[in-house]
There are 2 protein chains.
Amino acid sequence: MTTGLVTTGLVTTGLAQAELIAVLAAVTGDAPRVMTVAAGEALPSGPFTSSHRSLQAGLRDWIESQTGHPVGFLEQLYTFADRDRAEEADLRQISISYLGLVREQAAPGAGRPEWHGWYEYLPWEDHRHGLPPGWQDLVAGLNHWAGTDRGRVQRLSHAFGLEGAAWNEDLVLSRYELLYEAGMVEEANGHSGLGSGIGRAMQGDHRRILATGIARLRAKIKYRPVAFELMPESFTFLQLQRLVEALIGLRLHKSNFRRQIDQQELIEETGETTAESRGRPAMLFRYRPAVLEARALAGTRLPVSRG
Amino acid sequence: MTTGLVTTGLVTTGLAQAELIAVLAAVTGDAPRVMTVAAGEALPSGPFTSSHRSLQAGLRDWIESQTGHPVGFLEQLYTFADRDRAEEADLRQISISYLGLVREQAAPGAGRPEWHGWYEYLPWEDHRHGLPPGWQDLVAGLNHWAGTDRGRVQRLSHAFGLEGAAWNEDLVLSRYELLYEAGMVEEANGHSGLGSGIGRAMQGDHRRILATGIARLRAKIKYRPVAFELMPESFTFLQLQRLVEALIGLRLHKSNFRRQIDQQELIEETGETTAESRGRPAMLFRYRPAVLEARALAGTRLPVSRG
DNA sequence: GCACATATGCTCATAATGAGTATATAATGA
DNA sequence: TCATTATATACTCATTATGAGCATATGTGC
């Protein structure tokens, strides 16, 4: 193959150590969870070679064997190679990360992978009940770091919704990176282990990868009906709403949420109802996969000229 | 590091051959272009090792040395590893692809990389002047392939805007993949080289990667002001519009486009005007990078409850 | 029956969008 | 000079989408 990059002396050989890392998400009740290993301190990962035909296929098989449930949705997140911890000189570590959605969590029998709540690791991301605990300190710490630096102040305002800016739930990664820069997460200080940082730490850059996965999911849920990958077969409107709220970390307006789902015609009544809680029983719905592709990619935001 | 993947016998070693592939885009007049090597038959690529601190930094340096212009925007696209052409058994080929935006194309002196129009490779993607040439044959070929298969017919309708469905400019990759499945691009037939397929072929899966890059750019332009990365310092409204039209392959409504740009406050007048063409001279504008982050991420499409 | 709780439906002001029309300002040439 | 042409810029208006609040329906528990 003709390559342009070689001629510049950028590289000599392309050998690298390849690794897969998975952000596996599930939702239990109103708690979004992620699959972990190492007692909740790492995302599941492992080296990658050619025993499977494709990255995706291998990962899918593995996840299904681990969780006991099929992976509805599996998407590549990002490939990291910037680590300083290249163990051998001239041999690069490449980590390919994936986001997967699982309908239910496996029974945690026999030392199997554990599931932990997202917001243990990123507590500042949950705004469902107003400002999350520790918010004052967090903002104070960030402001101290920013000082009078115009650029830093602006980045903070934008990412954390300060000074009149609105909170944008999608900016999960920006927020983590700012906290890292500000030295307010444990990982930034070489895992000093003093419990000094905000939220529970993870090994290496795994918490950063988790943030990448959550950011992707929060963005995706707005134009693709991925939420149904996490729901049971039939569900009520409120269950669906609670799930979406759990993922994006915000409360939604009830009847407007209904209206939006309604007019997209993504779901249909099963005919049955629930009588679980006290109030009026809710109708049960099921997802209509037939229209999946056709709808759900609505908003273009460009003034396209028709005719 | 504790790994979960190892225990399942999925892998034994993680050694792989790593390669970088770049989709570099520029726009000349109203023609979007991509940088190529090998006489227009391949995207620039090369092996990757650890002589640079990060993937991104190395690629950036290299691009700037090649094009003579700084890369305004550089974003990872996708990592491919599913190729069957693993040259050595047990040694995986991993290709990490990037999308980069360049303001001007380099002077093509001395056998340097060439720039070619996107739509040479993907002619069915340009709908600025109505249906592109060869559209009838393309649809006929696809329909022949689909036959009476419900699934295929629906995928075609969705991706190509047939049977009442609207054309969605973002579905570049889906369209290429359908054409590949239908055997209507040369790459699907092992590069028979008969000129049998639609559009100009590329080596390996490079045309697929190009489609991935265009898809990403078309999607991104709707919520991030990336178009300015391709514009000169000052420009008129119409120039900006023509550029966006070139990228998305559609015509836009003039005054609505103005209004949308206007109310986002992304640009400001320079005070000068052009007198290039016959009509009334247009005002010149410049981009306002200060508000870049703050605006431009408008549409959430979720009924968030405020207060 | 009554209080309560939840589900579902309706209204309404405001904003965003798609489409079209009107006016302004230049070059060009009879 | 002055109509013609071409482009730029500014308004208008119907339709739809969105955010917010209120009203009604239908169950449980006592």
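Keep in mind that this is a model prediction, so the values were computed, not measured. Residue numbers start from 1 in every chain, and the chains themselves are labelled A, B, ... in the order their sequence lines are given, proteins ahead of strands.
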* Run the salt-bridge test on B:E75 and B:K220 with the 4.0 Å N-O cut-off and return the result as yes or no. =>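 So B:E75 pairs with B:K220 through a salt bridge.
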* Indicate yes or no: does A:R218 engage A:E169 in a salt bridge with an N to O separation below 4.0 Å. =>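 Salt bridge: no.
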Could you state the atom-to-atom distance from [atom1] of [X] to [atom2] of [N] in whole Å?
| X | N | atom1 | atom2 | value |
| --- | --- | --- | --- | --- |
| A:Q263 | D:dG19 | CD | P | 12 Å |
| A:E272 | C:dA7 | CD | P | 17 Å |
| A:R258 | C:dT8 | CZ | C1' | 5 Å |
| A:Q239 | C:dT6 | CD | C1' | 13 Å |
| A:H253 | C:dA7 | NE2 | C1' | 14 Å |
| A:F257 | D:dT18 | CZ | P | 14 Å |
| A:N256 | C:dC10 | CG | P | 14 Å |
| A:D262 | D:dT18 | CG | C1' | 15 Å |

* To do: May I ask you to evaluate whether A:Q260 reaches the phosphate of D:dA17, defined as a side-chain N or O under 4.0 Å from OP1 or OP2?
  =>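 For D:dA17, OP1/OP2 do not have a side-chain N/O of A:Q260 under 4.0 Å.
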* Asked: OP1, OP2 of D:dT9 versus side-chain N and O of B:K254: anything below 4.0 Å?
  ->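 No, no such contact exists.
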* Determine whether the side chains of A:R286 and A:T270 contain a donor N or O and an acceptor N or O closer than 3.5 Å. =>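 Result is no, nothing qualifies.
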* To do: Output yes when a side-chain donor or acceptor of A:T236 lies under 3.5 Å from a complementary backbone atom of A:Q239, and no otherwise.
  =>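 Such a contact is found between A:T236 side chain and A:Q239 backbone.
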* For the side chain of A:T273 and the base of D:dG27, is some donor closer than 3.5 Å to an acceptor across the two? ->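 Answer is no: no donor-acceptor pair is held.
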* Asked: Does any donor-acceptor pair link the side chain of A:R280 with the base of C:dA5 at a separation under 3.5 Å?
  ->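 Absent.
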* Asked: Counting only Watson-Crick or G-U wobble pairs whose two distances fall under 3.5 Å, which nucleotide matches D:dT4?
  ->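 Pairing partner: C:dA27.
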* Counting side-chain heavy atoms from CB outward, which of D:dA10, D:dT7, D:dC22 is closest to A:S255? ->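 Per side-chain heavy atoms of A:S255, the pick is D:dC22.
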* **Candidate nucleotides D:dA8, D:dA20, C:dA19, ranked by approach to the side chain of B:A282 - the nearest** =>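 Of all the options, the side chain of B:A282 is nearest to D:dA8.
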* Asked: Where each residue is assigned the nucleotide of DNA chain D containing its nearest heavy atom, which of A:R259 and B:P281 is assigned the position nearer the 5′ end?
  ->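 Taking each residue's closest nucleotide, the earlier one in sequence belongs to B:P281.
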* Could you tell me whether A:H158 and A:W167 have their ring centroids closer than 6.0 angstrom? =>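 No.
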